[in-house]
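For reference, the structure is listed below as structure tokens.
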Amino acid sequence: MTEDRAAILATIAAEVRACKACRLHEGTTNGVPGAGDPNAEIMFIGEGPGFHEDKKGLPFVGRSGDYLEKMLRLIGLKREQVFIANVVKHRPPDNRDPLPDEMAACKPYLDRQIEVINPLVIVTLGRFSMSRYFPNGKITQIHGKPKYEEGRAYFPLFHPAAVLRNPTLEPQMEADFKRILEVVDEVKKLRGKAQPTASKPPESNEPPAGPPKQLTLF
Ligand code: URA
């Protein structure tokens, strides 16, 4: 299964690198499909590649990436243990916001990656990935509050770049990050294979009581 997942992700990555489905590939150096453990329990979804990501073909390898790695270290994880992807997989010119048709063109790639990895928790970084799962959500109100749905949690966090721009967000970001492993444990319980990795139960947004819904992920 591990090999199957890795092989399918490699196929998706090759398609992304060759993708011309929207204008974003024009003028870029590399597509940035995403990277990490094909069996990751936690998947992070950012916005889109920036300058350094475009040069290397890897997600979150600039300043935002340094900060993301620092947050991962805070909870005892390395980037190789999670999967990191973006809503759009080629760099928008001058780091502008991705446009709706560009996100729509990229959606099948991200959908397939999620289906293959089947993560327990999807952590959204910033408003573009958040809006996939929380269409009317305001990040200042919903950050750090998991939503449990069909055997998975969706956990909205600030984008690392927003925290770097506004360091007053740092304590909230750290507190939110420290909840990630609790959320993983809650989903394990929901999926019926509890193996606690954290001791404290969540204080808000309790997961639904009772048996998990039928998983519809494969
Ligand atoms: N910001 C993102 O949203 N994604 C990256 O890969 C890098 C910076």
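Start at 1 and go down the list; that is how both ligands and their atoms are numbered. Keep in mind that this is a model prediction, so the values were computed, not measured.
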Taking ring-ring contact (aromatic ring centres under 6.0 Å, His included) as the criterion, tell me which of Tyr67, Phe128, Phe60 meets it with His159. Phe60
On the ring face of Phe51, is Lys55 found with NZ or CZ under 6.0 Å from the centre and within 45° of the axis? yes
ring-ring contact (aromatic ring centres under 6.0 Å, His included) test vs Tyr154 passes for just one of Tyr133, Tyr148, Phe134, Phe44, namely Tyr133
At what distance is the nearest protein heavy atom to atom 4 (N) of ligand 1, and which residue and atom is it? Asn86 OD1, 2.8 Å
Pick whichever of Glu53, Glu47, His52, Lys56 has a heavy atom sitting closest to atom 7 (C) of ligand 1. Glu53
Identity of the nearest option to atom 2 (C) of ligand 1, non-hydrogen atoms only, from Ser64, Gly48, Gly46: Gly48
Just which atoms of ligand 1 are under 4.0 Å from any heavy atom in His159? 1 (N), 2 (C), 3 (O)
Are any of the N or O atoms of Phe60 closer than 3.5 Å to those of ligand 1? yes
Output yes when Arg127 and Glu47 qualify as a salt bridge under the 4.0 Å nitrogen-oxygen rule, no when they do not. no
Scan Lys20, His25, Glu26 and name whichever one has a side-chain contact (heavy atoms from CB on, under 4.5 Å) with His90. His25
